[in-house]
Amino acid sequence: MDVTASGLYRPPSLLPIARHRESLLYLVETFPVTIIVGQTGSGKTTQIPQYLDQAGWCADGKAIAITQPRRVAATTVAARVAEEMRCQLGQDVGYSIRFEDATSSATRIKFMTDGLLLREALVDPLLSRYSVIMVRRSSFKTSLLMKQVDEAHERSLSSDVLLGLLKKIQKKRPDLRIIVSSATIQAEDFLRFFAADENGEISDSIGCILSIDGRMYPVDIHYLKEPAEDYVERAVKTVLDIHTKEPDGDILVFLTGREEIERTVALITERAAALPPQPTSLQPLPLYAGLPTDQQMYVFEPAADGVRKVVVATNIAEASVTIDGIAYVIDCGFVKLRAYNPVTGIETLTATPVSQASATQRAGRAGRTKPGKCYRLYTEAAFASFAASTVPEIQRANLAPTILQLKALGIDNVARFAYLTPPPAELVTRALELLYALGALDDYAKLTRPQGLRMAELAVEPMMAKVLLCAASFGCVSEALSIAAMTSLGGAVWFEHEGMKKAGEGARRKFAAEEGDHLTLLNVYLAFVGRGKKEAKWCKDHYLNYKSMVRAVSIRNQLKRYLERFSINVEESLAEKQGGPERSEALRRCLVAGFFAHAARMQPDGSFKAVNGTVLHAHPSSLMFNRKADWVVFHEITETGNKTFIRDITKVEKKWLLEAAPQYYNTK
DNA sequence: CGCCGCGGT
């Protein structure tokens with residue numbers, strides 16, 4: 001959300017990009033690909049689309065697409081450009097993000113998320129309505145930091161896939177212009193990526209790099225002389241040291257997760273109270289994505305006079321969110337990262353040392369408005385041992401959704417797709433196997449029609465997409481839609497708060513279904529949309545996250561529209577038999593049709609055993625955490641620390657599993 | 001018995 005950078009509010013003619021207007025237009029005219037290097041505040045995102053529009057790139061009804069990594073970036077930048085062009089947002093300038101389309105037939109400049117542009121490519125494979133596509137990959141130029149020349153760079157799965165797709169489209173559309181804004185270090189790589197043909201030969205007529213200058217304040221880096229034994233302790237101590245010895249300025253502490261953050265906030269409060277009287281007081285504030293929005297807002301409010309703010313945050317503060325007034329950064333040197341094990345199919349979420357690029361980006365948070373200081377809770381030798389940059393998502397994620405998407409985009413040979421960095425073969429193989437078992441791919445690994453194509457179009461992961469497509473045959477489309485929408489929220493259904501856990505669990509019991517979490521989620525959804533209850537207060541009283549519930553309604557509507565387009569009868573509900581055993585069985589059989597690969601059996605000790613022998617535990621947030629069951633299917637599997645948890649669990653019968661996927665269970 | 005880093009369709 002770097003859109004609030006000071007540069008944006010400078011008159012456009014004074015922005016650094018203004019001096020490069022003519023050369024930029026020349027390059028875009030001459031080369032199919034232009035790589036722009038320049039940092040936040042250079043004005044490239046707001047000005048370049050306007051230059052292109054003025055230069056005639058929107059003639060003949062064509063439009064310019066600009067992708068952003070975040071929804072909030074797409075909407076705010078679009079609003080800014082509309083204001084500069086003195087037009088109403090949604091007319092000449094608009095944006096399009098999931099659930100919100102602020103564009104019209106008059107729209108020439110369109111901001112959007114990269115994931116949404118990929119979806120458009122399913123319908124319009126050559127993206128023919130665009131004359132220019134500008135892809136923003138957040139980049140951070142930090143070469144003014146002491147002793148460092150380094151850059152960080154967000155690499156989401158969708159933006160990696162988009163760039164590969166654009167390269168493919170360009171071969172068929174020489175008229176298309178591609179602009180990529182990138183970090184200096186990657187600029188050459190991008191150019192080579194687009195210029196290389198299938199044999200690796202580089203063409204020099206494909207593209208060019210344009211650099212725009214920008215600046216940042218210096219940040220002093222301080223390392224530990226000896227490694228810290230407990231970085232939470234050390235972070236608290238550093239906060240107090242800064243507070244008692246350093247001039248005014250707020251503090252930002254990077255830690256890895258909720259529990260650590262809450263503990264640190266409590267420790268700071270406790271220790272600060274024990275200090276001798278200080279001229280200013282300390283106000284520690286937690287910040288992580290799971291925190292309710294109203295509590296997140298506190299960190300953006302300027303501290304009162306005589307108060308020094310200490311924001312204790314996860315990686316959310318590294319690039320997603322910008323807090324003004326930070327003069328000191330404390331970096332624990334770790335981040336929680338997801339990884340996917342293709343052999344076991346289990347995702348892990350573990351604290352891992354950050355990359356040098358990431359550490360640099362964290363330090364840079366102290367130098368946004370004036371010179372700052374960064375205290376690294378590790379040694380300089382440790383920093384030197386960190387990887388240069390974080391392993392891109394495409395090399396560590398479950399690729400089933402991505403591979404399905406590529407197939408639907410007409411890329412049959414996923415092994416030969418132009419990846420920026422190719423994923424490990426095992427990840428691709430595992431994804432292909434699952435998609436085959438779900439019937440999305442045939443014996444020749446070709447997308448099945450209509451089933452595979454429809455699964456790709458539905459905005460849920462392949463297993464849940466299969467559930468939705470099977471629901472009609474079980475007579476539970478309406479219920480499956482609600483469950484799909486609720487599981488899409490990814491655990492954000494319940495409003496968690498320190499000290500109210502007991503009460504929250506009591507509230508949860510009101511919705512509990514004997515059969516497990518999916519039916520419970522359905523009960524929650526039905527209660528929310530039930531007469532007169534679709535309101536924030538009702539949610540609060542029942543310990544539900546209102547924002548998430550509203551989102552579930554949107555997701556369900558969108559999924560429903562897709563099913564209607566597939567001519568699936570959505571009204572087919574078992575509502576009249578509500579609560580009856582037939583409804584419950586139909587629904588659970590339907591879940592099995594998609595989630596047969598996520599089956600496990602409860603052991604006498606209450607743990608579960610997967611079909612491949614892995615020992616699993618019901619996540620404490622699950623109803624099955626302390627209930628008896630035999631066979632179950634589950635939505636998600638994650639390993640944290642040294643335990644493997646399953647979440648969103650529902651009781652099923654073994655024979656349903658065998659019926660749903662006989663070949664899958666025979667080969668195991 | 002004891003817990004999800006951050007995004008996106």
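In what follows, chains are A, B, ... by sequence order, proteins preceding strands, each numbered from 1.
An OP1 or OP2 oxygen of B:dC3 is reached within less than 4.0 angstrom by no side-chain nitrogen or oxygen of A:T640. At the phosphate of B:dG2, neither OP1 nor OP2 sits under 4.0 Å from any side-chain N or O atom of A:H619. Between A:K336 and the phosphate of B:dC4, there is no side-chain N or O to OP1/OP2 separation shorter than 4.0 Å. When the side-chain nitrogen and oxygen atoms of A:T314 are compared with OP1 and OP2 of B:dC6, one or more of them lie within a distance under 4.0 Å.
For the pair A:R376 and A:F383, the distance from NZ or CZ to the six-membered ring centre is under 6.0 Å and the angle to the ring normal is within 45 degrees.
Residue-level contact check: A:T256 touches the backbone only, with heavy atoms under 4.0 Å from sugar-phosphate atoms and none from bases. Using a 4.0 Å heavy-atom criterion, one finds that A:R71 contacts the sugar-phosphate atoms exclusively. Counting non-hydrogen atoms under 4.0 angstrom, A:G490 reaches a base of the nucleic acid.
For A:A121, the side chain to side chain contact (heavy atoms under 4.5 Å, CB included) partners at least two apart in sequence or on another chain are A:L127, A:L165, A:L409.
Consecutive Watson-Crick or G-U pairs involving DNA chain B, each under 3.5 Å on both distances, never reach a stem of three or more pairs.
Going from atom CG of A:L287 over to atom C1' of B:dC4 covers 15 Å, rounded to whole Å. B:dC4 atom C1' lies 14 Å from atom CG of A:N315, rounded to whole Å. In this structure, the CG atom of A:N626 is 11 Å from the C1' atom of B:dG2, given to the nearest Å. The distance from atom CD of A:E393 to atom P of B:dG8 is 12 Å, rounded to the nearest whole Å. With rounding to whole Å, A:I316 atom CD1 is found 11 Å from B:dG5 atom P. In this structure, A:K560 places its NZ atom 21 Å from P of B:dT9, rounding to the nearest Å. A:E260 places its CD atom 12 Å from the P atom of B:dC6, with the value rounded to the nearest Å. For the pair A:E262 CD and B:dC3 P, the computed distance is 15 Å after rounding to whole Å.
Taking the six-membered ring for Trp, A:F608 and A:H617 have ring centres at least 6.0 Å apart.
Looking at which nucleotide of DNA chain B each of A:L458 and A:A289 is closest to, the 5′-most match is held by A:A289.
Looking at A:R647, its side chain comes within 3.5 Å of the base of B:dC4 through a donor and an acceptor atom.
Inspection of the A:T390 and A:S358 side chains reveals no N or O donor paired with an N or O acceptor under 3.5 Å. For A:Y95 and A:D101, the side-chain atoms include no donor-acceptor pair closer than 3.5 Å. For A:S607 and A:Q603, the side-chain atoms include no donor-acceptor pair closer than 3.5 Å.
For the pair A:R365 (side chain) and A:E318 (backbone), a donor-acceptor distance under 3.5 Å is present. The backbone N or O of A:G94 sits nowhere less than 3.5 Å from a side-chain atom of A:S96 that would complete a donor-acceptor pair.
Between A:H518 and A:F595, the ring-plane angle classifies as tilted under the 30° and 60° cut-offs.
Residues from residues 112-121 of chain A with heavy atoms under 4.0 angstrom of DNA chain B, sorted by number: A:T113, A:G115, A:L116, A:R119.
Considering only side-chain atoms of A:L349, the nucleotide from B:dC6, B:dC4, B:dT9 that sits closest is B:dC4.
For the pair A:I326/A:I323, a side-chain contact is recorded, criterion being any heavy-atom separation below 4.5 Å from C-beta on.
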